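Below is one structure, written out as structure tokens, with a few remarks after it.
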Amino acid sequence: MYQAVRARLGALVCGARTELRRRVAGQDAGMVTSEYAMGIVAAVAFAVVLYKVVTSGTVSAELQGIVKRALDARM
């Protein structure tokens, strides 16, 4: 009796896991492309903001000062 109950319970658990995997896989279908697209849009937006900050007058002058001090440093 114990073995029959254990076998039936194991089959139910295994079936539940299979059903859960099937449901999760069905929910994610078609989402990968949109997630990549949103990631690319966010990366491009971040790159544009970073470019604008780095090429602004104040930051550009500071970066040039840092490079000049590094090149003029004594070894």
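What you see is a predicted model, and the numbers here were worked out from it, not measured in a lab.
Of the possible donor and acceptor atoms, one in the side chain of S56 sits under 3.5 Å from a partner among the backbone N and O of V53.
When the side-chain contact (heavy atoms from CB on, under 4.5 Å) test is applied to V54, the partners found at least two apart in sequence or on another chain are L50, L63.
Annotation for V41: hydrophobic cluster partners, listed by chain and number, are none (ILVMFWY side-chain heavy atoms under 4.5 Å, direct or chained).
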